[in-house]
Amino acid sequence: MERTDTTHRIQVEDYDLAATVTSGQAFRWRPSGTGWESAIQGTWVRIEASEPGILTATTATPQTDWRWLEHYLQSHVRLADVIATFPPDPPLLEAVQACPGLRLLRQDPWECLAGFILSSTKQIVQIQQCIELLCERAGQRLEAPPRSSILHAFPSADSVAQLGETALRECKMGFRAPYLLNAARRVADGSLDLEALRALPTAEARDRLVGLHGVGRKIADCVLLFAYGRQDAFPADVWILKVLRHLYFPKRAPSPRRLLRFVETHFGPNAGYAQQFLFHHARVHLGSSLGKPTKPKPKPRAPAASL
DNA sequence: GGCCAGGTGTACC
DNA sequence: GGTACACATGGC
């Protein structure tokens, strides 16, 4: 007979839960006492690094099988094996040493895709706010402790599609609202089968994702890495490009295209993990010393031809 | 108030 | 292959 329980202990090695859930790969983790809470596949969960080598998870409803959570956390991954595949270069090793236990999660593809569609030119806090509004509006109410800050599941593509553009704009999505709506419709009507992408080679899966309006290389790579576990995918945003230039090409400024080519050959089969270390290290430890990410500045517009 | 934010689409050259 | 700009919204 299966045992049911609302708490579960997961043995881990080199797992920094706080760094992992705040590293910009997932948007629905909130501090909860000395731990973190979120909703994963329609289940409210709270996790705490209760003692060394143990993550203790709590749910509001009894579970017989906790594999869904272990899969999400990727708690079985031996980080040392991943790091062993990295090239022996000083900047990367420094980032690795600065963020011990930083992990990649394995998220639901739809939630991940939707989240990153909303991420473009938004700060992480604003992405979080926008997603919470969407969840409150269209996500199913969860069974959760009363004062929990996560009370709704992430809405299905169907639910988002039924919401319509006006309601999505009310969730402060701005110009991203039609992008998300279109993606939701494509997933809901089956013309984009997110499950089928699992079987495709990375490049082909990427092409399918980029076929969506509002999804370019960067967002597609986020979904490939954070939801499909394609660890060779390397999401290259303005920060990472800045970091790469700073660390690897201080004397010249290769174009983003050339930098991507460098990434493909340099970092190896777990380039995505390397990206996560470089990104998190730069964001948390280097901060402003790196300067703002360089972005072409729009020229001042010509004054309107009128008095 | 102006600038900027884990980008992308479109219009140009 | 490259560059420039618009696209909403909120925080500083």
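Within every chain, numbering begins at 1; the chains are lettered A, B, ... in the order of the sequence lines, protein sequences first and strands thereafter.
- Remark: P of C:dC7 and NZ of A:K122 are 16 Å apart, rounded to the nearest angstrom.
- A heavy-atom distance below 4.0 Å to DNA chain B is reached by none of the residues of residues 251-268 of chain A.
- Side-chain N/O atoms of A:K172 include one lying less than 4.0 angstrom from OP1 or OP2 on C:dG10.
- Using a 4.0 Å heavy-atom cutoff across all strands shown, A:L212 reaches sugar-phosphate atoms only and no base atom.
- Nucleotides B:dG6 and C:dC12 have their P atoms positioned 13 Å apart, rounded to a whole Å.
- Taking the six-membered ring where tryptophan is involved, the planes of A:Y248 and A:F262 are tilted, since the angle between them lies from 30° to 60°.
- Side chains of A:H8 and A:T56 form no contact here, defined as non-hydrogen atoms less than 4.5 Å apart.
- Here C:dG10 is the nucleotide among B:dG7, C:dG10, B:dG6 with the atom lying nearest to any side-chain atom of A:Q129.
- One can place CZ of A:R169 at 16 Å from C1' of C:dG10, the figure rounded to the nearest angstrom.
- Listed nucleotides C:dA8, C:dT9, B:dG7 differ in distance to A:R176; the shortest reach to its side chain belongs to C:dA8.
- The same atom, C1', is picked in C:dC5 and in B:dC4; the two are 15 Å apart, to the nearest Å.
- The separation of C:dG10 from B:dT8, taken at their P atoms, amounts to 23 Å, rounded to a whole angstrom.
- Ring geometry for A:Y72 against A:W29 counts as tilted: the plane angle lies between 30° and 60°, on a 0 to 90° scale.
- Residue pairs that meet the side-chain hydrogen bond (donor to acceptor under 3.5 Å, both in side chains) test with at least one member in residues 187-201 of chain A, sequence neighbours left out, are A:R186-A:S191, A:D189-A:S191, A:E195-A:R198.
- Once the 5.5 Å centre distance and the 30° plane angle are applied, the aromatic ring of A:F279 is found stacked with the base of B:dG6.
- Of the residues in residues 96-105 of chain A, none lies under 4.0 Å from DNA chain C by heavy-atom distance.
- The side-chain heavy atoms of A:V215 and A:L113, taken from C-beta on, include a pair separated by under 4.5 Å.
- Rounded to an integer number of Å, the gap from A:R217 CZ to B:dG9 P is 14 Å.
- Nearest-nucleotide assignment on DNA chain B puts the 5′-proximal partner with A:C222, out of A:G214 and A:C222.
- Within 4.0 Å (heavy atoms only), A:V125 reaches no atom of the nucleic acid at all.
- In this structure, A:G24 reaches the bases: a heavy-atom distance under 4.0 Å links it to at least one base atom across the strands shown.
- Listed nucleotides C:dA8, B:dT8, B:dT10 differ in distance to A:F175; the shortest reach to its side chain belongs to C:dA8.
- In this entry the distance linking CZ of A:F27 with P of B:dG6 reads 10 Å, nearest Å.
- A:L209 places its CG atom 15 Å from the C1' atom of B:dG7, with the value rounded to the nearest Å.
- Atoms CG (A:L180) and P (B:dG7) sit 17 Å apart, rounded to a whole Å.
- Residues A:Q63 and A:L69 are not in side-chain contact: their nearest non-hydrogen atoms beyond the backbone lie 4.5 Å or more apart.
- Among A:Q276, A:R103, A:R283, the one residue that satisfies the side chain to side chain donor-acceptor pair (under 3.5 Å) test with A:S23 is A:Q276.
- The interatomic distance linking A:M173 (CE) with C:dC7 (C1') rounds to 16 Å, in whole Å.
- Residues A:S50 and A:E48 bring no donor and acceptor atom of their side chains to less than 3.5 Å of each other.
- Aromatic ring centroids of A:H281 and A:F277 lie 6.0 Å or more apart.
- Side chain A:Q275 to base B:dG6: a donor-acceptor pair is found below 3.5 Å.
- The CG atom of A:L133 sits 12 Å away from the C1' atom of C:dT9 (whole-angstrom rounding).
- Ring geometry, A:Y179 versus A:F175: the interplanar angle exceeds 60°, so the pair is classed perpendicular (tilted spans 30 to 60°).
- Separation of the C1' atoms belonging to C:dA6 and B:dC3 is 16 Å when rounded to the nearest angstrom.
- A:R258 CZ: 12 or fewer foreign heavy atoms inside a 6.0 Å radius.
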